Structures are given as structure tokens and as C-alpha cells.
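As C-alpha cells, the structure follows; a few thoughts come after it.
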Amino acid sequence: MGKPARGKKSGPGAFGRGPGPAAGSVRGNPFEVKVNKQKFRILGRKTKHDVGLPGVSRSKAHRKRTQTLLKEYKEKDKSSVFKDKRIGEYDTKISPEEKMMKRFALEQQKSHEKKSIYNLNEEEDLTHYGQSLADIEKLNDVLGSDSDSEETGMLSAELTAAHFGGGGGLLRKKALLGQENEKDEKCKSRKELIEELIAKSKQEKRERQAQRENTLELTEKLDNDWKEIQAFLSHKGSKSETKHKVEEKVKPDEYDMIVRELGFEMKAQPCGRMKTEEELAKEEQERLLQLEAERLRRMHGEDDIDTKKKPKHISADDLADGFILDKDDRRLLSYNDGRLNIEDDKDEDVEESVGRTEDDSEEEEEESEEGSGSDADAVDSHSDLESDDGSVEKASAGEEREKINEGSENKSPSKDQNAKKKAAGLELPYTLAAPGSYEQLKALLLGRPVEEQLLVIEKIKKSNHPSFAVANKAKLEKLFGFLLEYIVELTAREPPELKTIDKLVLVLYDLCQMFPEAASNHVKLVLQDAAHDMEEILETRGRAPFPGLDMLIYLKIVAILFPTSDYWHPVVTPSMVYMSQLLTKCPVTTLQDVVKGLFVCCLFLQYVSVSQRFIPELVNFLLRILHTAVPSRGVQGLSLMHPFRSLDKNCSLLVISETADTKTWQKQNLPLRTVIGSKENSRTEVNHLRLSCIDMCLNLVKRCAVLYGSLPSFQEVMKPIQLLLSQHVPVSAYPAQLQEFHNSILSQLETQGPPYHPLVCEKSDSIPLEFSFAPRLLRNLEFGRKQGSNEKEQERKRLIHRHKRELKGAVREIRRDNQFLARMQLAEITERDSERKRKVKQLFGSLAEQEGNWKAMKKKKF
Amino acid sequence: MAAAEAALSACLEALLGSRSHANRVFEILELLQAEEEEVVLSAIRTCGRLFGAFLEQGELFVGQLPPEEGPLPESHSAEEKYKIWMRHRYNSCVNCLVELMSHESFQIKECSLCTLMTFVELEAKHPLVKAEWSFNFPQELLKLVVKGLISTEEDSSLLISRFQEYLEHDDVRFFAMKAVAENIGNVMQKTKEPLPVYQKNAFTFVSSISMPGNESEIKTFLVKHANREEWKVSKLKEHRRAFERMWLGFLKHKLPSSLYKKVLAILNDSILTLPHMNEPTLMIDFLTVAYDIGGAISLLALNGLFVLILHHNLEYPDFYKKLYSLLDPSIFYVKYRARFFRLLDLFLSSSHLPSYLVAAFAKRLARLSLAAPPDALLMVIPFICNLLRRHPSCQVLVHRPGGPEEMPADPYVMEEEDPSESRALESSLWEIQTLQRHYHPEVAEAAASINTALSEMEDDLMELMELTSYEIFDKDLKKKATAVPLEYQRVTGLFGQKNDVLAEYFTLE
């Protein structure tokens, strides 16, 4: 409990004001007043407690305690409490009307609640205009209920006025009545009036009922007549009849299907005019521009959280499988060369079934009876049907369908390819199940020519399009992984089937576009395996050989599938780190290693060709390769900055052994299979390969020079290479073409490079120093206050002081509470004791009386 | 085989039975040279049992052994003559066993080693030399064993590890250390060139010796003596002296370079840091020689030198100059990179270093980082930043507000070996600026930190030191990506990208 002296202002205590008038009278009483004597009088100090009224305050405190503490004490061991749970009883914010409304609503709700949770049949009735829907659905009642509801819906004005009009209405009514029957008694009593009303309404009701019965009779008659006629009208039932019909015949006949199809055929919707070619080109251009802008943004590593694309709308039917239709997929009617553009059959079927439920509200009953939620089933059955079709009527129907397919498919690059596909497709089943394992895929592809393999994969892709079934997504994702595996096998063949890979890349690209997540995961897995293997070999042997052709191809595929210019990319960045490992950790021992290394260099440059990022390892590796072109005796005594001395055993790998061979060398692109190394070449061929490598190396140096020309320390980066090229590489032994090239590179290396600007940090927002010469003043220089400290300290002291005082006050209060309680307990005890004493006395009294009586009796007897 | 074994046991019984069959000892000794492994093994065992029994029974001559060929003085009785003769047989048996320690079969090696060590134990109990004082130990025999162990021909690390269990006895260890020191001195004096196999064996032996921490730990002895407190073997100081002599004797000679690394690697942990050496400063010669070799060996020697400088007041002129010259492109690729940079961090942690020196180090590291892999870059960039933080006067390298507008070339001289002449303070860290364009985002971010004023707190390098490129790779791969951006430009084939670099140099077929 709070302090009474303080609590009186803020607390709810009305009792605080109670003694007010009394206090006034008391104040005058000198025996009540206690004056606190002050030792010194201080000017300007207001004293609060110079005069006190101890009696008054004590009684106040006592009263307050009796009202709170005593109450608590008395109810100490009692647990039951009285709670008022009426709605809004204590809420002053709610108006009385609202309060009543709420209570009413609650009551209604209670009455509507289920009586028993186990009674399933007792459901809440759905109503329409106050009529239960179940009743409405009973057809024979429709008419009657309709009319009934209509009637009941529109209350007569009189009735309304009489019932709800209230006083005013009644008055008006009176006036009206007065006008009507003036001659009648002027003031019909209220009771009479109401009686009249009731009678009138009863009359009306009766009339209505009679009319309704009449109508019903007529309707029934009409129905009967209709049924008779219906027998003659075959197959053309009305809406109400269809349900019986469908039940009767399980299989709808052809005509019916056609009719329905026609009915459901998409309506021509208004669409924009056909775009001209320029417009299409422009649109494409814009799309590309937007994509490019996005790529640039990623390249600069700008935060993409805010700009991240959010799917605009998530439907309640979304399966959360990440399949989002990028564009509005509703088909617009369009014509191509005067013929209707029709897309894939199956797609349309799906569309159809969806469209049916949406559009044709008339057919509701039919739909519901078929099972309205069976869309997915419908799709499945359709696809099943398709595949059956395909296998049965391979040649005839298959061809036709294919024509449609390919007409609609704008992806297929050229016409002659189509023709080839068609030719090959004749031997293939129309649809192909997606392979469940890599072996299955291999079995499918084995022994087929390239075109056919592609066709097979294309077919798998198409017949397992994710829009047909949910599981197809996973199947195609797996297919991506299998194709990656297949590439390994292709490269392992002798000779490697690079042509096939060349084509497969397109399929991979398409699949990747469909499932970016899964594709990236597959590629990541491949990378991880490769890096892990290399790490293991490195740990055990200290050096790891260059990986095979398959890994190089994979790295290339990464560049094809993903944008390599991103600041950070989940697949590209690890693969770059992997390539950096290749360039730094793999020893160059054979010519194949040189070619592989140069391949990786090219790839690396390809990766950064757009973003123009700096790759220290690359420059280093080129230096290392050029190093092998220097005959070893020339190098001695030179301090070459070359960290790989220990790695490269074959120091003169690229040294031309026979100068005569240089004459016959011709510049040409290296075939990729040199990476694997072919059969033992002749010395001339080896020398030619060496020259090609040197040529490529110089080319890459030049490329680097162009790429890194703007780097601040371009000179430092290129200096080792420049030194090596200008002083040690035996240029004179090379063909003239190479010599020229060498010279041009040298001159470029010497001249290029930006000027050096001293570095300056960006300005950090440092706090400017304040120079003020005004003296520092303490604001509240008051005596009697704690001084000599800053505000914070003062605040702290004040708080401590206050805490101390509060603590004292609280202790005092508790003490007084205890005293009070003790007093009360004592009073209780004394009361109890006196009561007991009284009772004892009473008993003694009565006993004495008895005794007296008895004695008196005794006396009487004797 | 079985016959040989039977013969051996028969011989043994006969010999132990009576002296009259003494000549049968030759049969046993002969079998020690046998071809079959099993036979040799059982012969060794028989020898062990036989001479063990003789030693215990006192059947062998005690004292200065007269030569076998020369006529025996008449003063010897017949029994003494017999004992002298038998002692000669014992000696030849020991020699045989020592030779067998270089047999190709490990089992034979091991068995002969064990037998010899039992002899050592027994001889210590029943000395064959007239005791000059109350303590004796068959030092000559142990020397022979040690000689057999440290073979000059083949790697005997297995045998040495077998010998470890004997080295746990303090007295054996003590005398073994002495024997090793002597042995190394003898062998190495003959040749000036390093003997890789021998030195490797010696190193295996020497490094396997672990010293007791304090005197109270010296209590396990192979030979029990009554008042051993007075014996010098139980003095820790003597042990230390022997230890020191052994190591110095070993390190005095030129080592093959592969051994240098091994020695240096364990040098700091086991020798210098623990107070086993009375005067660690004696190692200076070795360390300075190693430091001058260059490369990884120098890096390793650095650690030892540092301990000496720090704890033993070693004055090393041009220490920083040498350290500076150690920085070459290979430091980012060597195995000891983390160790080296930890030391470098330690050496450069003093705030009293002149700023030209720190600037030279920072600039040189930056220059070298132009050819470093990403894992090294992630470490060296914060390292340079830390240097700049420690020495605010060096921050002109990244912040030179009033400088010249443009410079024709970098004033820093990379080739200069003296850091004071390198003019690093006039330069700027353009290399770090270059690395802001590095392909790895984390490196680029780290390099971008010089664009703004450096924060006060130093970066923690401990984790970055151990970073490997595989770890970076793994981290990148496991990083959760919200979405995977895709290439939007369709390709026409494997080499069909726009501006395909590969297509310019390679063809599919």
C-alpha cells in the first residue's frame, strides 16, 4: 500500500477527501495542531511540514487500513471471488447500445452453438434470405419458397410502420386512420388497433397460402406433361435433366463431346493488334537491356535484397514448388499465316479443364457431381491417355501431332533439323519416360547417332514437362544430373565425342533455365567432388595432376549456364577458386599439362572478360609457361621471380628442339583432343605443338595486357613477363610471324599502364572540433545541492537519495501495517475472550439457576 | 631347422652341465652365421641364455683381459685360463650380435638388440671389470650397441624406436647420450661430406631422447645401486651436459638440407624452449648457418633465432634486413606460410620500429601479393592493414593528401635489399588498389578497406593464417544463395558464347 500522505492526491481514495471539512474545523483546534519547531528561519524557503495534524492523519491512515489491509486480512484464506463478466460492464468506452448489441450477439452465438460435438449431423444451416439452402435445393420447393421469400422479404408498409414505427409511426398511423374513418370513434383505443392489424395480416396469409397451393398444383401438372414430351426429345435434356442422363450413360458419345468442346472452346478475347517485326525486335531489345542492367548490378556486387524479385501474387493453390509462371499464360487467340495458332494439345486440355470450372457457372451442378476438385486427376488421365495413344497409333497420329508440335515450338532452330528429327523420330516412341537412373539414360542413348540422341533427350524433356505432373519436375532435375554424368562418359571415349557435347550443351542450357536451383546444385556437386579429390591427392602426395578433359568441359559449361560476371555467384565463384587452385597447385610436367593449363587460362579470361577482374594466378601461370620456353642454360645467374621452381621438373618443356621445324609451322587453332594427349607424335609435330602453345601464351599475355591496362599497378604485374620476354625467351628461333607478335606485345607492355596517383583515403565523417572561448558555466549553482559533478552524477545522486527516502518510507509503512494488524488481532482476541467469558458466565448462571431450582424442589418435597 | 634347434638345446645343456664340453660353444657361435632366419634367431636366444647364465655364475674372467694369441702368464690357474678363454668367446659373441644388428631381417635385429641389452643389464650387475668405485656401467658394450643402432648404410628408425623402451631408464639414457656424442665425433671426423643415411639415423636417435623435467624424476634405473644419490648419473645437471654435448656434436657437422628442415622444426619445441640445455646460446652457430641458407630453411631458423634473441640476449646484426630479404614470391606458396607470417607478425609487432622499415615491409608484401593466391591474399591484406594501424606514420602509404598529382613511376625499389634504401615511404600501396579488382569478392572487399580511414582495432589474423584455398572453396560452395542468377544469352554450342576466348584458340575436332 502506498503512503497515505502522498497517495491522497492521485489515488482513487475518496476517503482522502472525507475528512476535509472536519480537518478545517480541526485546524482551528490548538490541541490537534502540532507545530514543528525550526531552528533557523531561512528566507525564501517554503516549508511544507511546519504544521501537522497528527490526530487527523492518524485517523486517516487508520481508516485507509481498515478499508484495504483489514479487508485483505479478513479474506486471507478465502479463495472464492465474485467476478462480473457482463460484457462491457466496466468499459466506459462502449456506448450502451453497442454494449447491448454485443450481448445480443453473444447470446445468438450461444444459441447457434452445437449442442454436442459428437453429433455430426447437426450442422449449421446455411440460409439464403432466411431460408435454409437445403430446402432450396429440393427442386419442387423452389418455386414456392421463392415466392414465399419474396413475400416475406417485402413487408408491407403498414406492418412495418405498425411494428417498428415506434411512437411517431403510431401517431402517424393514428392520423391516417383518423383521415380514413373520420366518422368512427375519434380515438380508437390502442388495443383495438392492434387487434385489427393482426386480423388483417392473418387474412393476407391465408390468401397467400391458397395461391401458392394453386401454383404448385399447376407446376406439378406441367412437370408431368413435360416428362411425357421428353421421351420424344432424345438427348436434349434441360439442365435439370442432365444429371440423370450422365448417370445413365457412363461414356458420352462423340457428338456430345464435340458439342461440349464447341461450348467450351475459348472465346475470342480482345487482344492487342499483331505486333510488327520492328516492335517485336524492340521488345526483345528492351528485355535484353533489362537483363543486362541486372547483370551489371550483380557484377558490381550491389545489394540485391531490396530489388529482389518477388513473385507478385501467390495463389492459394500454389504448390510452393518454385514453379511460377513468368508471364500470363492465358492463351490469346492468334493467327499465323491464316491458320489458327494452336499450342500443344495437352496444354490445351489442361487449360480446358481449368477453364471449365472457372467460366461455366451454368454447369455448376454437373461439375459438382463429377467431383469438382479432380483437376489434377483430369490432367493425369489425359496424359495417360496421350501416352497410350502414342504407343498405339505410332505412325499415323504421331506424325500429325508432331507436326503440330513443331509448328508451335519456336525453339527448334532450323527446318532441316526438324526434318532430320522427324526422320529419326519414326523409329522412336512418341513419349519417353524419364530415366530413373544414369544406366537407363545410357541404355536409351547407346548406339544412336548424335541427332537421334538429341531427339531422345528432347522427347524425354517434352513428355515430362513439369506442367503435366508434379513429379516431372524432380524427374527432369535428375535428367540434368544424368546428362552431366553422360558428358564424362563422352569425353572418356576414344576419340572424345565433343560434337555431341556441343549439342548437349543446349539441352543443359534449357534445363538449367527451367530449374536453376537444381542445376546449380548438380554443378556444385561436381565441383565439390573434383576439388575434394584434388585436396586429398594434395594432402597425400603434395601435388595433384591437372584434371581430365571432362572437368575442363564442366568448367566451360559453368560459364555457359551461369553469368560469370557476377560479383558473387553460388556456382561461378567456387569454380573460379577451383581454377585458381589448378593454376597454382598443379605441376606442369608434360605438353598436355601445358595445353590444359592454357585451356584453363582461356576459360579464366573468358570468365572475367566482361567484369575485367584481376587474376594474379593467371599472370603467374603464363610466366611459368613462358619460363619453360627458355633454354635452361640461359637462365642461370638470373633472379627470376618464380615461385614454382620446385614444382616444375621439366624446366625446358617448350624449348624448340629443332629450328628447322619452325619453318613449317602454321598458326592454327588447337584441336581440343590434344588435351588428352594422342599417340606418340613425331618430333616435328611436337615442335609444332610447342610453337602453338607459345603462340597461344603470347596471345593470352596480350589479352591480359589489354584487360589489365587500366590497373593502377599494371607495370608491376607485367614486369616479370616483360623481363622474361625481352631478355630470355629465344625469339630468334621462332618463325617470323611469332617474332613480330612478340615485338608488338613488348612495345605494348612497355608503353601501357596508367600514371601513378598517390592514394588518398576517402574522407571519413570525423567530428569537427569545436573551438569556443566562452567560459564554462555551471548552470545550477545552488547551495544546498550536491555539486562539483556533472549532470549524470547529479542525477545518480538524486536517484540514490530518493531511493533511500522511499525505502525508509516503505519500511515505516510496513511497520505501521504490522502494528495495525497486531492491534486488530488483539481486538479480535479480546472480543473472542469476552464472548467466551460471557458465555461461561451465562452457563454458570443457568447452572446456578438449575441448582437453585433443584434445591428449591428438594425443599419443597421435604 | 628342427635339427639345428635340437643341436642348440643339446649344446646349451651340455655347456651348462659341465666345463668339459666347453668347445661346443663354437657350434653355437657358428650357427649365428647361419643362412636361415629361424636358425639364427634360436642361436641368438641360446647365446643369450648361455652367457646370461655364465655371467650370473661368474664363469667369465673379470679384469683386464689378456690377448688371446699371446702366451698366458703362468700365474693363471687352469680355471682362470678357462675363464679367460670363455670371456673371449663372449666377446666374439657380442661382436657377432652387433653385426647381426645390421641383418636384413628386422626380427633378427630386434632379437640381437634385446639380447645385447640383457647382457648390458647383467654386466652391470656382475661387472667384468674390476670395480674402481662402487658404481659401474658397461659403457663399452653400450657403445657397441649404439654403433650398431646408428647405421651408416640403412635406415634404422624402426630399431631405434624399439630401443626407446630402454631409453626410459635414466642410466641407459645417460650413457647412450655419451656414446652417441662419441660415435658421431668418430664417424664424422673421417669425412667432410654429409652422410645422409647416417645423419638421419643419428637424428632419429637424438630426437627420440626426451629429457626429464627435474631431478626428482630421475629414478628409473636399469641397474640398481645402493647409494645412487652420489652417482653422477642421478644428477640432472650431468644429464643436461650430456644432452647438450650430444646435440652440439650432432649439429656441428654439415647436414643434408632435408634434415635441416626436420631439425629446425623440432628444435624450437623440444630443445630451445625447454631448459634442457645449459647454454642454449651455443646453438647460435648452427642457427646462423641455417638462416643463411635461404628459402624454407631460413624461415625455420628464424623461429630459433627469435627465441635466442628474446630470451638469451642474442645480438643479431641486420636481423630485419635479412628478414626483409626473405620475402620473395615463394612465401605465399610454401608449406610453412602460416608459421612464417606468425613470426613476421611477432617481429613487426614492436611499435618502436622505424617507420621506413615498416613501410618497406608493407610495400614489399603488397608487391608480392600481386602474384598470390586468394587464400594468401585474404591473410596478407589484413596483415598489411595491421602494420599500418600499428604505425600511423606509415599511413601515408594509403593516404597522401598533399602529394604530387601524378608520378611517372613507383618510387619504391623492389630490387634493393636494404629496407632503408627502398624508398617505400615515398610510394603508395597501388597494389592493394589493384587487388580491389580481384576476381574473388572477399579479396576485393578486404582490399577495399584501404579506401576509407582504417579502423583502430587490429584485425585478428589467427584464423586467416591457416586458411587454405580449399577452405575458401568450401565456404563459397556452402554459402546459401537466395536465388541462382542465370545466363540469359543463349549459346549455340560449347564454344558458342559471345566473344568466346576458347573458340579463338581451340577447335572441337
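Residue numbers start from 1 in every chain, and the chains themselves are labelled A, B, ... in the order their sequence lines are given, proteins ahead of strands. In what follows, every heavy atom counts, from backbone to side chain, and hydrogens, waters and symmetry copies are set aside. Since the model is a prediction, treat every value here as computed from it, not as a measurement.
The contact between Lys478(B) and chain A is made entirely by side chain atoms (from C-beta outward), counting heavy-atom distances below 4.5 Å. Proximity to chain B is absent for every atom of Val619(A), based on heavy atoms less than 4.5 angstrom apart. With a 4.5 angstrom heavy-atom cutoff, Ile331(B) does not touch chain A via any of its atoms. Both the backbone and the side chain of Glu504(B) come within contact range of chain A, judged by heavy atoms closer than 4.5 Å. With a threshold of 4.5 angstrom between heavy atoms, Leu538(A) does not approach chain B through any atom at all. Of the atoms belonging to Arg703(A), it is side-chain heavy atoms, and not backbone ones, that fall under 4.5 Å from chain B. In this structure, the portion of Glu415(B) lying under 4.5 Å from any heavy atom of chain A is its side chain and not its backbone. Both the backbone and the side chain of Leu291(A) come within contact range of chain B, with heavy atoms under 4.5 Å apart. For chain B, the nearby part of Gln581(A) is the side chain; its heavy atoms alone come within less than 4.5 Å. With a 4.5 Å cut-off on non-hydrogen atoms, Asp474(B) touches chain A through its side chain but not through its backbone. For Asp695(A), no part sits under 4.5 Å from any heavy atom of chain B, backbone or side chain. Interface residue Val595(A): backbone and side-chain heavy atoms are both found under 4.5 Å from chain B. At a 4.5 Å heavy-atom cutoff, the contact between Phe562(A) and chain B is made by backbone and side-chain atoms alike. Contact annotation for Ser427(B): neither backbone nor side-chain heavy atoms come within less than 4.5 Å of a heavy atom of chain A. With a 4.5 angstrom heavy-atom cutoff, Gln715(A) does not touch chain B via any of its atoms.
Atom-to-atom distance recorded for Met576(A):CE and His440(B):NE2 is 8.0 Å, nearest 0.5 angstrom. Rounded to the nearest 0.5 Å, atoms CG (Leu502(B)) and CG (Leu552(A)) are 9.5 Å apart. Separating the OG atom in Ser580(A) from the CG atom in Asp375(B) is a distance of 7.0 Å, to the nearest 0.5 Å. Rounding to the nearest 0.5 Å places OG1 of Thr492(B) at 7.5 Å from CG of Asp502(A). Taking CG from Asn620(A) and CZ from Phe332(B), the interatomic distance works out to 11.0 Å, rounded to the nearest 0.5 Å. Separating the CG atom in Leu429(B) from the OG atom in Ser713(A) is a distance of 10.0 Å, to the nearest 0.5 Å.
Side-chain contact annotation: Ser469(B) with Lys585(A), donor-acceptor N/O pair under 3.5 Å present. Looking at Tyr488(B) and Glu294(A), their side chains never bring a donor and an acceptor atom within 3.5 Å of each other.
Per-residue heavy-atom pair counts under 4.5 Å with chain B were compared for Gln612(A), Arg295(A), Lys556(A), Glu292(A), and the maximum is reached by Lys556(A). When each of Gln433(B), Lys480(B), Gln436(B) is scored by its heavy-atom pairs under 4.5 Å with chain A, the top score falls to Gln433(B). Counting heavy-atom pairs under 4.5 Å between each of Pro563(A), Cys602(A), Ser692(A) and chain B puts Pro563(A) at the top.
Side-chain contact check for Leu370(B) versus Phe614(A): some heavy-atom pair is nearer than 4.5 Å. Between Val484(B) and His569(A), some side-chain heavy-atom pair lies under the 4.5 Å cut-off. The closest side-chain heavy-atom distance from Glu716(A) to Arg367(B) is below 4.5 Å.
Side chain of Asn669(A) to main chain of Thr507(B): no donor-acceptor pair is present (N/O by atom type, distance under 3.5 Å, no hydrogens or angles). Between the side chain of Gln513(A) and the main chain of Glu487(B), a donor-acceptor pair closer than 3.5 Å is present. Tyr505(B) places no side-chain N or O within 3.5 Å of a backbone atom of Cys693(A) that could act as its donor or acceptor partner. Panel note: side chain Arg437(B), backbone Leu711(A); no donor-acceptor pair is recorded below 3.5 Å.
Other residues, nucleotides and ligands contribute over 12 non-hydrogen atoms within 6.0 Å of the CD atom of Glu284(A). Atom CD of Gln290(A) has 12 or fewer heavy atoms from other residues, nucleotides or ligands within 6.0 Å. Surrounding NZ of Lys475(B) are at most 12 heavy atoms belonging to other residues, nucleotides or ligands under 6.0 Å away.
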Anything under 3.5 Å between a donor and an acceptor, one on a side chain of residues 527-535 of chain A, the other on a protein residue two or more places apart or in another chain? List them.
residue: His532(A); atom: ND1; partner: Tyr470(B); partner atom: OH; Å: 2.9
residue: His532(A); atom: NE2; partner: Glu536(A); partner atom: OE2; Å: 3.4

Exercise. Which is it for Asp410(B) and Lys719(A) under the salt bridge (charged side-chain N to carboxylate O under 4.0 Å, His left out) test, yes or no, and what are the steps along the way?
Worked result: CA-CA 13 Å; Asp410(B) 193 347; Lys719(A) 205 172 181 185; over 6 Å; no
For this session: Tell me, with the steps shown, if Val491(B) and Leu506(A) meet side chain to side chain contact (heavy atoms under 4.5 Å, CB included).
Result: CA-CA 7 Å; Val491(B) 288; Leu506(A) 298 177; 4.2 Å; yes
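The shortest heavy-atom contact between Pro441(B) and Trp568(A) is CG-CD1, 3.5 Å. The two residues Pro374(B) and Glu617(A) come nearest to each other via the heavy atoms CD-OE2, 2.7 Å. Heavy atoms only, all atoms of each residue included: Pro485(B) and Asp566(A) are closest at CG-OD2, 3.5 Å. Across Phe506(B) and Pro671(A), no two heavy atoms sit closer than the pair CD2-O, 4.5 Å. Between Pro758(A) and Ser428(B) the shortest heavy-atom distance is CA-OG, 3.8 Å.
Contact residues of residues 514-521 of chain A toward chain B are Pro516(A), Glu517(A), Ser520(A) (heavy-atom distance under 4.5 Å).
Lys524(A) and Asp476(B) are not joined by a salt bridge, as no carboxylate oxygen comes within less than 4.0 angstrom of a charged side-chain nitrogen.
Here Tyr607(A) and Tyr439(B) keep their ring centres 6.0 angstrom or further from each other.
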